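Read the structure below first, then the notes.
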Amino acid sequence: MIHILKRRFGLLGKNISYSFSKGYFTEKFNDEHFKGCSYENFDIPEINHFTALIKNNPDLKGLNVTIPYKEQILPFLDKLSKKATLIGAVNTIKFTKKGKLKGYNTDYYGFKKSLKPLLKSHHKKALILGTGGASKGVAYALDELGILYTFVSREAKENIIDYNLINATTFDNYQIIINSTPVGTSPNIEAYPAIPYEFFTKKHIAYDLIYNPEETTFLKKAKENGAVIKNGYDMLIFQAEKAWKIWNK
């Protein structure tokens with residue numbers, strides 16, 4: 001009788017029935033090479049439920065973390081990778097052999113790998129819409145690519161401009177516009193960030209971290225004005241495979 005080692009993984013988040021990760025890893029684990037592996041959603045209403053979740057699931061080997069817990073999870077972890085420390089957000093947790101929880105960030109890797117093929121010499125500066133956990137991985141990737149960036153939020157602060165300040169000159173100065181907010185995610189697909197889309201040109205890249213729907217209203221409106229568009233699907237594939245490597249090293 002062959003004993004199949006059981007290995008449980010999952011996604012931590014809030015309102016995550018739509019999740020990419022569960023479908024992706026469940027399909028991956030259907031392969032006979034991954035017998036005994038399973039993946040499930042852990043949908044919790046607030047982060048302080050995490051402690052009980054861990055206690056009730058002692059056989060977990062790894063978790064992905066999504067909105068809104070990429071930053072809130074940090075105090076619950078025993079250790080962070082160097083990059084997760086620098087980024088200040090975690091989207092992958094490894095349960096070590098000693099039972100410790102170590103946080104990693106694979107978002108930055110997925111974003112960087114998916115953006116790089118689109119870059120041309122004139123793509124010098126980026127606007128990052130949103131300041132949440134996802135935006136931090138994006139900013140770190142842009143740093144590594146040597147692209148300057150400014151955050152956009154509803155309230156202006158240091159290195160953050162507010163949406164009302166975006167105009168034609170902004171679009172002249174920033175050739176990459178990245179939506180790191182959840183605005184436009186299914187089922188609210190008619191929603192889109194409040195920016196002047198008429199100033200997009202064929203020299204711009206519009207990148208949306210959202211993957212469902214495949215083409216958000218943000219991307220549609222940018223494309224209508226000639227921009228090169230990219231959704232978050234490839235980023236998710238790349239970050240998921242990086243997480244799988246971390247869980248297995």
Side-chain angles (χ1 to χ4, degrees), residues 1-47 49-70 72-73 76-77 81 84 89-97 99 101-114 132-134 137 180 182 184-189 208-216 230-249:
M1 184 179 166
I2 299 169
H3 176 68
I4 295 170
L5 184 67
K6 295 251 189 255
R7 301 180 70 209
R8 287 177 72 209
F9 302 92
L11 175 69
L12 179 73
K14 184 176 181 179
N15 303 325
I16 49 173
S17 56
Y18 66 86
S19 118
F20 158 89
S21 300
K22 187 171 190 297
Y24 180 79
F25 279 107
T26 300
E27 190 174 326
K28 183 182 181 75
F29 294 159
N30 281 336
D31 188 300
E32 61 181 23
H33 293 98
F34 304 110
K35 274 184 180 167
C37 292
S38 65
Y39 195 98
E40 58 210 275
N41 284 348
F42 294 101
D43 203 319
I44 58 174
E46 47 192 49
I47 195 62
H49 289 249
F50 181 70
T51 308
L53 188 158
I54 296 304
K55 199 174 177 183
N56 296 332
N57 296 278
D59 54 341
L60 279 170
K61 301 296 179 193
L63 287 172
N64 295 118
V65 184
T66 190
I67 292 170
Y69 300 132
K70 293 183 183 190
Q72 293 178 36
I73 193 67
F76 294 86
L77 304 176
S81 71
V90 157
N91 73 310
T92 301
I93 300 170
K94 179 178 181 172
F95 292 66
T96 69
K97 285 171 185 169
L101 303 183
K102 184 171 181 181
Y104 296 81
N105 189 300
T106 66
D107 275 341
Y108 91 89
Y109 168 84
F111 174 75
K112 181 181 173 185
K113 192 170 177 182
S114 62
S180 78
T185 308
S186 181
N188 302 313
I189 60 170
D208 202 329
L209 268 61
I210 295 167
Y211 63 93
N212 181 19
E214 193 175 316
E215 194 173 283
T216 58
K230 181 77 176 169
N231 71 18
Y233 187 76
D234 285 344
M235 172 184 170
L236 278 165
I237 298 277
F238 296 143
Q239 67 82 18
E241 283 307 311
K242 187 79 167 172
W244 179 243
K245 282 181 183 169
I246 287 166
W247 294 334
N248 287 285
K249 70 180 183 182

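Bear in mind the structure is a predicted one, so any value in this text is a computation, not a measurement.
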Interatomic spacing from [atom1] in [X] to [atom2] in [Y] - rounded to 0.5 Å:
| X | Y | atom1 | atom2 | result |
| --- | --- | --- | --- | --- |
| Y109 | D107 | OH | CG | 13.0 Å |
| K28 | N30 | NZ | CG | 12.0 Å |
| S81 | I246 | OG | CD1 | 7.0 Å |

Checklist line | Ring centroid separation F25 to W247 under 6.0 Å | finding: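 Ring centroids of F25 and W247 are less than 6.0 Å from each other.
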Item checked: Ring-ring centroid check W244 F29, cutoff 6.0 Å ->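 Between F29 and W244, which both carry aromatic rings, the centre distance is below 6.0 Å.
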Please give me the minimum heavy-atom distance between [X] and [Y], naming the atom from each residue.
| X | Y | answer |
| --- | --- | --- |
| S180 | A134 | O-CB, 4.1 Å |
| S21 | Y39 | CB-OH, 3.2 Å |
| P213 | S186 | CD-N, 3.7 Å |
| G103 | L77 | CA-CD1, 3.8 Å |
| I210 | G184 | CD1-C, 3.9 Å |
| I67 | P182 | CD1-CB, 4.4 Å |

Checklist line | Heavy atoms from other residues, nucleotides or ligands near CD of E215 exceed 12 (cutoff 6.0 Å) | finding: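 Yes, the 6.0 Å shell around CD holds more than 12 heavy atoms from other groups.
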Notebook entry, point to check: NZ of K61: more than 12 outside heavy atoms within 6.0 angstrom?
Noted result: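 For K61, atom NZ is not crowded (no more than 12 foreign heavy atoms under 6.0 Å).
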Note to self: Quiz question: by atom type and distance under 3.5 Å, do the side chains of T106 and N91 form a donor-acceptor pair?
What the structure shows: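 There is such a pair between these side chains.
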Note to self: Quick one about Y24 and E241 (side-chain donor to acceptor, distance below 3.5 Å, no hydrogens or angles considered), yes or no?
What the structure shows: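 Yes, side-chain donor-acceptor contact under 3.5 Å.
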Residue pair [X] / [Y], side-chain heavy-atom distance below 4.5 Å:
| X | Y | result |
| --- | --- | --- |
| D59 | K6 | no |
| F50 | I93 | yes |
| K245 | T92 | no |
| L63 | L101 | no |
| I54 | F76 | no |
| I47 | L12 | yes |
| N212 | F20 | no |

Any side-chain to backbone donor/acceptor pair from [X] onto [Y]? Under 3.5 Å, distance only.
| X | Y | answer |
| --- | --- | --- |
| K94 | K249 | yes |
| D43 | N15 | yes |
| N41 | I16 | yes |
| Y69 | I44 | yes |

Item checked: Results of salt bridge (charged side-chain N to carboxylate O under 4.0 Å, His left out) for D234 - residues two or more places apart only ->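 Partners of D234 by the salt bridge (charged side-chain N to carboxylate O under 4.0 Å, His left out) criterion, ordered by chain and then number, come out as K230.
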Next item on the list: I would like to know whether N248 and R7 meet side chain to side chain contact (heavy atoms under 4.5 Å, CB included); could you show each step before the answer?
Entry: CA-CA 11 Å; N248 287 285; R7 301 180 70 209; 3.0 Å; yes
Checklist line | CA sep, side-chain torsions, deciding dist, call: M235, L209, side chain to side chain contact (heavy atoms under 4.5 Å, CB included) | finding: CA-CA 8 Å; M235 172 184 170; L209 268 61; 3.8 Å; yes
